[in-house]
Amino acid sequence: MKKEPFVNKEQLEKITKEYPTPFHLYDEKGIRDNVKALKEAFSWNKGYKEYFAVKATPNPYLIQILREYGCGCDCSSYTELLLSQSIGAVGEDIMFSSNDTPAEEFALADKLGAIINLDDITHIDFLEETIGRIPKTISCRYNPGGLFKISNDIMDNPGDAKYGLTTEQMFEAFRILKEKGAEEFGMHAFLASNTVTNDYYPTLAKLLFETAVKLQRETGAHIKFINLSGGIGIPYRPDQTPNDIKAIGEGVRKVYEEVLVPAGMGDVALYTELGRFMMGPYGCVVTRAIHEKHTHKEYVGVDACAANLMRPAMYGAYHHITVAGKEDAPCDHMYDITGSLCENNDKFAIDRMMPEIELGDLLVIHDTGAHGFSMGYNYNGRLRSAEILLCEDGSTQLIRRAETPEDYFATFDSFPIYETLKKNIEDAKK
Ligand SMILES: *Cc1c(COP(=O)(O)O)cnc(C)c1O
């Protein structure tokens, strides 16, 4: 399938007059349509709630859009908790799904009334010592170990993942938590990432539901919710078929009616903690071709780099690239598209067949709306870009300014060198 950007050349030329490249651009309409479809797909479940995985796209203005549809926040750190609090997501609107958690983070999560999802059995005592009690509602993250398969396809390797409690530990943890005063229980598992199959959630749900029935029966703990977590993927490549969220919702419903309802557990609420699926396709990086280089290969240098989008450098991840205005031109040139870091893996594409690129062309790097900006870093003194929202009415709204050298040096603000750094920034502008 041909991948079309959500923005065209005319729009981009207008936007780049106001905001210099590179920047992350987000599609309000896409975000809204998708969250509506998700809610609809799970509307059969009375307590259904999506907790957006804040780490994927930690911008309060974007998450606020999801809040309009009743979404909460899935947090895993102190600053993510603060960000959620700033948009009014507190109490049971926060799912605190962290691991290797520092005490002060449990304390803040508890102070905000978040639902705490424990990653390990030893965290029961750690939490109790930290906040002085066990909350009435508590969740545990499950890791069944082994390989996670759908039919014969290996989806991922939970046995090698650092997260969660074993099956035996789940039973023991629920007993201990109940003794210590917990009244409502949740179960969580995240067994495969970026799945592009409608079978992931239903397969995961079956495993969780069957375990939940045994857990409730054997420990007497009342299971209030089951959290299917994240992992629904997006088609980064043009040849991939997008997930059908309606089919996924139906698949989960079938298993729910097969396993939970006959066990008298038809009151269990389902939660999700999707990140990539909620935002991934509705963000792109807009960058300009600033150099071409003809050596052992053909290179096009752009003004974005891995500091703006780390996935290709980190995982060799594919991100489709469209040259604005050349959507229908033949892909008869092979390029490496590079950033400026002094790292040879700073390439957004390698040996990619593309239309002929001229200096000044605007390139749209697709599907960067999740785990894009948020993975940014400052290597080589590179600065993070702005984030801009393309609103439903076609206007744009700056939702995060670009970093400045002042931001880069801000952590020296209590050191003698800071005044010199600031003076040099000013002098350089003259
Ligand atoms: C990262 C993460 C998610 C979101 O994952 P996606 O692949 O973006 O859907 C959800 N829950 C937890 C605990 C996570 O760590």
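Quick caveat, the model's predicted, so the values are computed rather than measured. One-based numbering, in listed order, for ligands and for the atoms of each.
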Need the list: ligand 1 N/O atoms against protein N/O atoms, distance under 3.5 Å, rounded to one decimal.
unit_1	atom_1	unit_2	atom_2	d
ligand 1	8 (O)	Arg276	N	2.7
ligand 1	8 (O)	His371	NE2	2.7
ligand 1	9 (O)	Gly231	N	3.0
ligand 1	9 (O)	Gly275	N	3.1
ligand 1	11 (N)	Asp74	OD2	3.2
ligand 1	11 (N)	Ser229	OG	3.3
ligand 1	11 (N)	Glu273	OE1	2.7
ligand 1	15 (O)	Lys55	NZ	2.6

cation_pi(Arg311, Tyr236) dist<6.0 Å, angle<=45
yes

Assess, by modelled atom type and distance only, whether the side chains of Glu387 and His24 contain a donor and an acceptor separated by less than 3.5 Å.
no

Geometric cation-pi criterion, Arg141 with Tyr163: 6.0 Å, 45°:
yes

Atom CG of residue position Asn344 - does it have more than 12 heavy atoms of other residues, nucleotides or ligands inside 6.0 Å?
no

Look at atom CD of Glu40 and say whether more than 12 heavy atoms of other residues, nucleotides or ligands are closer to it than 6.0 Å.
no

Do Lys49's NZ or CZ and the ring of Tyr51 fall within the cation-pi criteria of under 6.0 Å and 45°?
yes

